[in-house]
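Proteins come first, then strands; the chains are lettered A, B, ... in the order of their sequence lines, and each starts at number 1. Bear in mind that the values here come from a model prediction, so they are computed numbers and not experimental data. Values below: all heavy atoms of this structure, side chains included; hydrogens, waters and symmetry mates excluded.
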Amino acid sequence: MAAVDDLQFEEFGDEATSAANPGATTIHIEGPSESPAHQPGLSRGSGGEEDDELLGNDDSDKTELLAGQKKSSPFWTFEYYQTFFDVDTYQVFDRIKGSLLPIPGKNFVRLYIRSNPDLYGPFWICATLVFAIAISGNLSNFLIHLGEKTYHYVPEFRKVSIAATIIYAYAWLVPLALWGFLMWRNSKVMNIVSYSFLEIVCVYGYSLFIYIPTAVLWIIPQKAVRWILVMIALGISGSVLAMTFWPAVREDNRRIALATIVTIVFLHTLLSVGCLAYFFDAPEMDHLPTATVAPNQTVAAAK
Amino acid sequence: MAEAAESSGDPGTTSPRPLFAGLSDISISQDIPVEGEITIPMRSHIREFDSSTLNESVQNTIMRDLKAVGKKFMHVLYPRKSNTLLRDWDLWGPLILCVTLALMLQRSSIDSEKDGGPQFAEVFVIVWFGAVTITLNSKLLGGNISFFQSLCVLGYCILPLTVAMLVCRLVLLAEPGPINFVVRFFVVIVMFAWSIVASTAFLADSQPPNRKALAIYPVFLFYFVISWMILTFTPQ
């Protein structure tokens, strides 16, 4: 924790001296020309994280310049969209790991995305989540009603399109609203940290990854198990989101900052609880007294 | 050579003679053959071939296309690293397979329930939009495969799953029960693995080496969803 405080303090120091001290600007001048070549090397060195933090922090305004340099193709060419998929396999895995292990003080955007937001992760994590929820919901309903003779199994294909609408709307509209809100607050309060729209989409997309194993585990038809899973998933992804956006609203009015974080977590809760309630039937059969359930099961087994 | 050209095209200069000034005076001796015929020997054959496809019978045309499709089916069933599928791509095979699969998977019109299996249009849309999305994904990641080649490979590799669908429909004619389900499950799993192996054999080489897993994962998801639709198919 002391190292993190040192780094944060150093972030102010560098930006204050960079204008005053011409000696420091030589480092900054080398930075933008070097970092396109350095960036793969930097990302690969997961051991030298403090160096990465340093360079990521004191180039905070230079990284925006880099982002402008990268996306130089006009938006109607194919190359423009290729810049959003400029990630390697290990980078995607690192980002997924970062979303699963929120470490207090380490910002997901700073640490993993560092001005290279990708659309691969958000798009395919949402696609996997849509199918995971639809298939798991179908399976769990089938298993719950397994013994009943009157239940006719239907694959319920319509739920796939409903799940797709919900998940993709959440993963794109909520970041849009949040980005608009942060831009509006940024115009009133000078924030040190501001995120681009794609970085917010990236954070939201990767934070949804924890729900994929959660949806698979929701097949277990025990209410207590399901709610514990909701708590765990919400805890992990909610803390990733909160720790990402806290530096962005920290400078603002205390109440607005808290309200923003609470709203982010609340919407996340709404998504997970809503999916659980809509796609997974309540396991009522398991909650009836076992006396009525056991004869059904033994009768079905005997047949 | 450039200096010689400059000196010969520049008559007014009185500069000292450059190095290759005498080259222009050299004449070519007669025994070096520099003339000959430039004809393309195959040209007349190609012209005949072009006009003959217009005049040939319909049966010939159809059989030629069917043979090409059948040859690609064999390549899918015995996947080796060859680029026949990529070189001569066609979309007839994927269309035949997709229509067959969608016809077999659609729920019957007698079924009046709102929730049920997919309709014909839904299966069709999933297969084609899934293939287009995977192709776009692999191109955006930097793969050097053309759009239609990738569609061709993905479409042809549905063949094992179509065979699985046929087998499942036959098995479902027998009496329902857990053994029925286990047999269908086993068949679908094997065919799913076969599809993945076949498409990976064709597609993997065209991806940049450090992004192979990123390009292959959507293919896995695509065939998994199709396998799920096949496995959960219940006749009315």
Picking from B/Lys212, B/Arg211, B/Met229, which has the most non-hydrogen pairs under 4.5 angstrom with chain A? B/Arg211
Just checking A/Phe78: does its CZ atom have more than 12 heavy atoms from other residues, nucleotides or ligands closer to it than 6.0 angstrom? yes
Against chain B, residues from residues 161-172 of chain A with at least one heavy atom under 4.5 Å, in numeric order, are none
Gap between atom OG1 of A/Thr128 and atom OH of B/Tyr217 - 0.5 Å precision: 2.5 Å
Please classify the contact of B/Leu214 with chain A as side chain, backbone, both or neither, using a heavy-atom distance under 4.5 Å. both
One should read off an interatomic distance between B/Phe224 CZ and A/Phe131 CZ, to the nearest 0.5 angstrom, of 10.5 Å
Is atom CD1 of B/Ile179 surrounded by more than 12 heavy atoms (other residues, nucleotides or ligands) closer than 6.0 Å? no
B/Lys139, part contacting chain A, at a heavy-atom distance under 4.5 Å: both
Hey, could you give me the CG/CG distance between B/Leu140 and A/Asp118, rounded to the nearest 0.5 Å? 11.5 Å
So, do B/Asn210 and A/Tyr90 sit near enough that their side-chain heavy atoms are less than 4.5 Å apart? no
Can you tell which part of A/Phe93 gets under 4.5 Å to a heavy atom of chain B, answering side chain, backbone, both or neither? neither
Okay, B/Ile216 and chain A: the region with an atom under 4.5 Å from a heavy atom over there is neither
Side-chain contact test, heavy atoms from C-beta onward, threshold under 4.5 Å: evaluate it for A/Trp124 versus B/Thr133 and give yes or no. yes
If you define the side chain from C-beta out and look only at heavy atoms, does anything of B/Pro218 sit under 4.5 Å from A/Phe123? no
A/Trp179: partners by ring pair (Phe, Tyr, Trp, His ring centres under 6.0 Å), with sequence neighbours left out: A/Phe197
Would you call B/Leu136 and A/Tyr81 a side-chain contact if the rule is heavy atoms closer than 4.5 Å? no
Non-hydrogen side-chain atoms of A/Phe142 and B/Thr232 separated by less than 4.5 Å: no
Atom CZ of B/Phe147: over 12 foreign heavy atoms under 6.0 Å: yes
